[in-house]
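First the structure, in the form of structure tokens, and then the observations on it.
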Amino acid sequence: SQKIEQNSEALNIQEGKTATLTCNYTNYSPAYLQWYRQDPGRGPVFLLLIRENEKEKRKERLKVTFDTTLKQSLFHITASQPADSATYLCAPPGSSNTGKLIFGQGTTLQVKP
Amino acid sequence: EAGVTQFPSHSVIEKGQTVTLRCDPISGHDNLYWYRRVMGKEIKFLLHFVKESKQDESGMPNNRFLAERTGGTYSTLKVQPAELEDSGVYFCASSKGQGLTNEQFFGPGTRLTVL
């Protein structure tokens with residue numbers, strides 16, 4: 001079955017540094033992949049979608065890469081700020097690509113001032 | 001524009017009781033999804049409506065769970081009878097399209113505790 005793996009350990013970095021989060025998937029080839037942010041007590045919030053034919057996608061300080069050979073996506077936050085502290089979720093679609101998302105466990109990022 | 005709303009925000013019930021969760025999607029979104037997160041696990045898909053029809057209910061755990069979306073607007077998810085393992089946070093999400101236009105907007109979730 002489809003499996004999504006994200007670093008379960010929290011990532012602690014200093015303000016101003018670049019945070020890099022990893023998402024690996026196995027047993028299928030999604031046509032696209034989404035990244036969401038989740039704050040405590042709230043639902044996930046969509047950040048970026050990257051398609052399988054796109055190597056890289058950027059939005060302000062965020063950058064996502066998608067390597068279909070390695071079956072991996074990397075999520076970068078440059079010039080990180082304490083307000084970036086949250087849990088980040090990788091979510092490719094299910095194998096039918098119709099709608100349902102398969103979530104990883106998420107990586108919690110803590111940016112220290 | 002109002003986001004996805006869910007009611008109640010919290011529910012505490014005893015094993016064997018019935019609970020009904022409600023989700024109001026963003027107006028104009030044909031696609032409505034239910035997900036849940038149980039303690040320590042990842043968010044897992046339950047089912048997907050397109051308008052009033054169930055497109056995919058492969059994630060529904062068992063027949064104690066019943067989801068409806070009458071009229072293609074709001075949706076309810078009923079758990080009857082509730083068991084201890086049903087405790088968790090239930091999220092509803094909606095989207096305008098599917099596939100590559102599938103940005104999903106999530107509600108704040110309903111935290112269900114079964115004692």
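Numbers restart at 1 for each chain; the letters A, B, ... are given by sequence-line order, proteins then strands. Just so you know, these numbers use all the heavy atoms, side chains as well, and skip hydrogens, waters and symmetry mates.
- Crowding of Y74(B) atom OH: a count of heavy atoms from other residues, nucleotides or ligands under 6.0 Å not exceeding 12.
- Cluster annotation: I13(B) is connected to L84(B) through the hydrophobic network of ILVMFWY side chains, with a link wherever side-chain heavy atoms come within less than 4.5 Å.
- Shortest non-hydrogen contact noted between Q105(A) and G40(B) is NE2-O, 3.0 Å.
- Residues Y90(B) and I102(A) do not share a hydrophobic cluster, clusters being chains of Ile/Leu/Val/Met/Phe/Trp/Tyr side chains in contact below 4.5 Å.
- Cluster annotation: L21(B) and F106(B) are assigned to distinct hydrophobic clusters (Ile/Leu/Val/Met/Phe/Trp/Tyr, side-chain heavy-atom contacts under 4.5 Å, transitive).
- In this structure, Y35(B) and P44(A) have side chains that are not in contact, with every pair of non-hydrogen atoms separated by 4.5 Å or more.
- Residue contact with chain A, scored on non-hydrogen atoms closer than 4.5 Å, is absent for S9(B).
- Counting heavy atoms of neighbouring residues, nucleotides and ligands inside a 6.0 Å radius, atom NZ of K55(A) does not exceed 12 of them.
- Only the side chain of L89(A) comes within contact range of chain B, with at least one heavy atom under 4.5 Å from a heavy atom of that chain.
- Residue Q6(A) does not touch chain B at all, counting heavy-atom pairs closer than 4.5 Å.
- A distance of 10.0 Å separates CD in E103(B) from CG in L48(A), rounded to the nearest 0.5 Å.
- Taking each heavy atom of F103(A) and E42(B) in turn, the nearest pair found is O-CG, 3.6 Å.
- Other residues, nucleotides and ligands contribute at most 12 non-hydrogen atoms within 6.0 Å of the CD atom of E9(A).
- Only the side chain of R37(B) comes within contact range of chain A, with at least one heavy atom under 4.5 Å from a heavy atom of that chain.
- Taking all atoms of both residues into account, the shortest heavy-atom contact from Q104(B) to Y36(A) is N-OH, 3.2 Å.
- When the side chains of ILVMFWY residues are joined at heavy-atom separations under 4.5 Å, either directly or via intervening members, I4(A) and I50(A) end up in a single hydrophobic cluster.
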